[in-house]
Amino acid sequence: MATDMQKLIGTSEEDDEEEMDMDVKEEDDEDEENREKHIATRVMVGIEGGMASNSSNNQFLHHQHIQEQVSTPGGGGGTRRSRPLEEKERTKLRERHRRAITARILAGLRRHGNYNLRVRADINDVIAALAREAGWVVLPDGTTFPSRSQQNSRPVGGTSAAATSSSTHLVSQQTPSASLRGISPGCRTSVDYNSCRLKGVFMPTPSPYDLSTSTQSQNSAMMGDGGEQTESHPLIGGSLDTVNDKQVVDISPKLAERDFGGTPYVPVYVMLPLGVVNMKCELADPDGLLKQLRVLKSANVDGVKVDCWWGIVEAHAPMEYNWNGYKRLFQMVHEHKLKLQVVMSFHECGCNVGDDVCIPLPHWIAEIGRSNPDIFFTDREGRCNPECLSWGIDKERVLRGRTALEVYFDYMRSFRVEFDEFFEDGLISMVEVGLGPCGELRYPSCPVKHGWRYPGIGEFQCYDQYLLKNLRKTAEARGHPFWARGPENAGTYNTQPHETGFFCDGGDYDGHYGRFFLNWYSRVLVEHGDQVLSFAKLAFEGTQIAAKLSGIHWWYKTASHAAELTAGFYNPSNRDGYAAIAVMLKKHAAALNFSCSKLRMLDQQVNFADALADTDGLLWQVLNAAWDVDIPIASENALPCHDRVAYNKILDNAKPLNNPDGRHFWSFTYLRLSPLLMERQNFMEFERFVKRMHGLITTVEHFEVYETGFLNTM
């Protein structure tokens, strides 16, 4: 255990430890000197206050005697002086040992965890960095509290990179007068938390939306009957200053919400848990799922969405499929008169943010990979990523005599035959085809397992022998065989664009070789999607198929769009990298499922303001590329969502205001079903969101949860 811990934290640099030792000595000397002065002062004060009745001569002599005991090594004070000297040495040793441990922890976090800690960081910096990674907000004065969405998402695991931050209220407290009647109009509305009488409170700028429901819940949490304080607010780090036994809380006024009554009907689906079907292809919790489906039906959701994992169904041997768990699941969904969207998940589960289960690729694929690791995507350092198969083997017979495309098609055809009755009945409304990591059409350029952290640009993933062979043929056909290589100055996973010669302004990405390489790299991505979707269209003829595209929004405001380039989207500032993908989807009448989070963590906005991200710009570009070729757009939330502000942003995207062509989303999938969603307040907000997506509720309608559905079930 000790050896493992030493490997984890690493070793600190010599000069850092020497600096810390000097700091210890200086601080200990200063503390000891202050301690002695404090003792002398305290004794003098005690003498002056306690012996005022004595004569001035006796007081002076006694005072002098006490000073000699404190400051003189010998005499009556010698015994008391010896113990602090020994204790001082022990304190120095303990402090030096503690700081040496801290230095090693900091060095290990910098080296192995990619934490950007300052040179003279202390344990407070470490705790703050860990809290921010977990999605919490840490203010400069040390005040720490969870973001609004982080509270809603507990106890769900995962990082941060994944929690969202929604606009919350600034809660201000007025000093009550002798008679409190209502709320004084002079309440503060600024975010100057230092001057606020609520200790340790800081809130971001209020949202323009009306959060009446959230306001009521906050008031009820802080105020009891008659205004008595009952509970502490979850965002309040300290206690309320009690001037009276009555507390007054003011929530700043909000603008009215947009009215979605009478707007187009957008179907809402709910993504089922990742592990709803276990590795034995059995329902993990059929009774619990039955209750949850009943609750969803009460909210009038249109259906559910589920991953059909390749690693579960074809786990042990080629073309031996086990669909038992999915049969029972589909039957339960059918009994509740819900529709189904299914995902052909040809990727690994458990290595990305938000994954709470582990579902690897089939065992027989892993066996092939052990002898031939080039079937997986590989980075410049030769590290393989078994998250999904490399597109270089799409037409290579390296999978027990089959190509990757044949393996995908056989799996999809087996699914279509097995569930023919559900296709005929219209229960299965859409089939989404996995095209890469996380089921998305992109390269795995940002693998957390290889040390990537937001907002790193990622790395190109084209160094397996099959993709390199493809690149070599393309370079030779172009007449420049020396271009058969990846960029040598493109940085590493966590590099920023301006730190590289390839992605910096005026860099090699826009030169002759750079344009050649990026054209080839993105063309391989589009060709892979084209080929897999052609087989999907053949297998699922008559059913809507879809492909998922992720939103790589960081560094979008730079000229190179480096993070998009490493992911395979050739979308620099002088080129539209999503038009070719939209045209390819149009060719197969496939829908585009686009996931781009507009909701970012507050601490991410503060600490990564220089990442030059632009979710709005990226979303606008992708939506217009799809609508220009008239393909349907589906979407889902990339991060957990339980509050009204987040729902309002989704609604604004799903039904753009004043769109001259009346464009709107074809469907929306809420990600995902969990016990947290089933909590009363969260479910009420979700049900209200569903009604607004359906265009059935206005902002003035009174909203209540279905008592017979939700409350009785729970």
Side-chain angles (χ1 to χ4, degrees), residues 281 307-323 326 342-348 359-378 384-420 423 431-444 461-462 464-470 473 523-543 545-548 568 584-585 587-590:
C281 204
D307 290 281
C308 292
W309 294 102
W310 181 32
I312 292 178
V313 176
E314 196 180 0
H316 303 291
M319 302 189 73
E320 292 185 5
Y321 306 105
N322 177 10
W323 298 101
Y326 291 102
V342 295
V343 184
M344 302 286 100
S345 298
F346 297 112
H347 62 282
E348 178 186 22
I359 304 174
L361 296 185
H363 301 311
W364 61 276
I365 291 290
E367 292 177 0
I368 298 173
R370 280 190 284 270
S371 59
N372 182 14
D374 286 294
I375 67 173
F376 303 122
F377 284 105
T378 307
C384 297
N385 186 349
E387 189 175 351
C388 61
L389 297 178
S390 167
W391 303 333
I393 65 170
D394 278 354
K395 298 181 179 180
E396 300 285 343
R397 296 191 175 277
V398 294
L399 303 179
R400 303 282 177 87
R402 292 187 295 169
T403 67
L405 291 175
E406 290 172 342
V407 169
Y408 301 147
F409 177 67
D410 291 339
Y411 182 86
M412 292 186 288
R413 181 173 56 184
S414 172
F415 177 82
R416 178 63 178 81
V417 172
E418 192 71 34
F419 298 102
D420 179 70
F423 280 96
V431 178
E432 183 179 300
V433 184
L435 298 174
C438 298
E440 299 167 345
L441 180 60
R442 63 175 176 86
Y443 288 89
Q461 305 289 315
C462 59
D464 61 85
Q465 63 168 315
Y466 302 104
L467 284 179
L468 286 177
K469 182 175 69 174
N470 188 316
K473 289 182 178 179
R523 178 175 55 80
V524 171
L525 176 143
V526 175
E527 288 180 352
H528 169 74
D530 181 36
Q531 292 163 356
V532 176
L533 289 179
S534 65
F535 284 108
K537 185 178 180 181
L538 182 62
F540 305 119
E541 185 177 2
T543 302
I545 60 174
K548 185 177 180 181
M584 180 269 294
L585 295 177
K587 173 183 175 182
H588 303 290

Peer 1: Can you name the side-chain contact (heavy atoms from CB on, under 4.5 Å) partners of Arg400, sequence neighbours left out?
Peer 2: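 By the side-chain contact (heavy atoms from CB on, under 4.5 Å) rule, Arg400 matches Pro318, Trp364, Glu367, Ile368.
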Peer 1: Under 3.5 Å, is there a donor on one side chain and an acceptor on the other for Asn385 and Tyr443?
Peer 2: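 There is no such pair between these side chains.
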Peer 1: Check whether any side-chain heavy atom of Met412 sits under 4.5 Å from a side-chain heavy atom of Ile545, and report yes or no.
Peer 2: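 Counting from C-beta outward, Met412 and Ile545 never come under 4.5 Å.
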Peer 1: Where do Gln531 and Leu405 come nearest, in terms of heavy atoms and distance?
Peer 2: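 Where Gln531 meets Leu405 most closely, the heavy atoms are OE1-CD1, 3.7 Å.
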Peer 1: Would you call Val342 and Phe419 a side-chain contact if the rule is heavy atoms closer than 4.5 Å?
Peer 2: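 The answer is no; the side chains never approach within 4.5 Å.
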Peer 1: Begin from the C-alpha positions of Ile365 and Glu348 and carry the test side chain to side chain contact (heavy atoms under 4.5 Å, CB included) through to its verdict.
Peer 2: CA-CA 11 Å; Ile365 291 290; Glu348 178 186 22; over 6 Å; no
Peer 1: For residues Phe535 and Val433, determine if any side-chain heavy atom of one lies less than 4.5 Å from a side-chain heavy atom of the other.
Peer 2: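 Contact flag for Phe535/Val433 side chains = no.
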Peer 1: The criterion is side-chain contact (heavy atoms from CB on, under 4.5 Å); which residues satisfy it with Tyr411, sequence neighbours excluded?
Peer 2: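 Residues passing side-chain contact (heavy atoms from CB on, under 4.5 Å) with Tyr411: Cys308, Trp310, Val313, Glu314, Tyr321, Trp323, Met344, Phe346.
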Peer 1: Where do Ala547 and Leu533 come nearest, in terms of heavy atoms and distance?
Peer 2: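 Shortest heavy-atom separation between Ala547 and Leu533 comes out as CB-CD1, 4.3 Å.
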Peer 1: As an exercise, state the distance from CG of Leu468 to NZ of Lys473, rounded to the nearest 0.5 Å.
Peer 2: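 The NZ atom of Lys473 is 12.5 Å from CG of Leu468, to the nearest 0.5 Å.
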Peer 1: Got His588 and Asp530 here, is their nearest side-chain heavy-atom distance under 4.5 Å?
Peer 2: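 They are in contact (side-chain heavy atoms under 4.5 Å apart), so the answer is yes.
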Peer 1: To the nearest 0.5 Å, how far apart are CG in Asp394 and CD in Glu406?
Peer 2: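 Here the interatomic distance stands at 11.0 Å.
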Peer 1: CH2/Trp309 to CG/Leu361 distance, rounded to the nearest 0.5 angstrom?
Peer 2: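 Here the interatomic distance stands at 10.0 Å.
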Peer 1: Could you check Glu396 against Lys469 for salt bridge (Lys or Arg N to Asp or Glu O under 4.0 Å), going step by step and ending with a plain yes or no?
Peer 2: CA-CA 12 Å; Glu396 300 285 343; Lys469 182 175 69 174; 3.2 Å; yes
Peer 1: List for me each residue that meets ring-ring contact (aromatic ring centres under 6.0 Å, His included) alongside His528, sequence neighbours excluded, and say none if there are none.
Peer 2: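 His528: ring-ring contact (aromatic ring centres under 6.0 Å, His included) contacts with Trp391.
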Peer 1: To the nearest 0.5 Å, what is the distance between NZ (Lys548) and CZ (Arg442)?
Peer 2: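 Taking NZ in Lys548 and CZ in Arg442, the distance rounds to 9.0 Å.
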Peer 1: Quick one: does Asp307's side chain have a donor or acceptor within less than 3.5 Å of a partner on Ser345's backbone?
Peer 2: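 Pair absent, no side-chain N/O of Asp307 close to backbone of Ser345.
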Peer 1: Going by heavy atoms in the side chains, are Leu467 and Phe377 under 4.5 Å from each other?
Peer 2: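 Result yes, sub-4.5 Å side-chain heavy-atom pair found.
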Peer 1: So if I apply the side-chain contact (heavy atoms from CB on, under 4.5 Å) rule between Gln465 and each of Thr378, Asn470, Asn372, which one comes out positive?
Peer 2: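 Among the candidates, only Asn372 passes.
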Peer 1: Would you give the length of the straight line joining atom OG of Ser534 to atom NZ of Lys587, rounded to the nearest 0.5 angstrom?
Peer 2: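 Here the interatomic distance stands at 7.0 Å.
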Peer 1: When rounded to the nearest 0.5 angstrom, what distance separates CG in Asp464 from SG in Cys384?
Peer 2: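 It comes to 8.0 Å.
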Peer 1: Which pair of non-hydrogen atoms, one from Leu389 and one from Ala404, has the smallest distance, and what is that distance?
Peer 2: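 That closest heavy-atom pairing would be CD1-CB, 4.3 Å.
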Peer 1: Kindly give the heavy-atom pair with the smallest separation between Tyr326 and Cys281, and that separation in Å.
Peer 2: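 The answer is CD1-SG, 3.9 Å.
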Peer 1: Could you report the tightest heavy-atom contact between Arg397 and Thr403, atom names first, then the distance?
Peer 2: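 Closest heavy-atom pair between Arg397 and Thr403: CG-CG2, 3.6 Å.
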Peer 1: Check Glu387 against Pro444 and note the closest heavy-atom contact, atom names and distance.
Peer 2: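 Looking at all heavy atoms of both residues, the shortest contact is OE1-CB, 4.4 Å.
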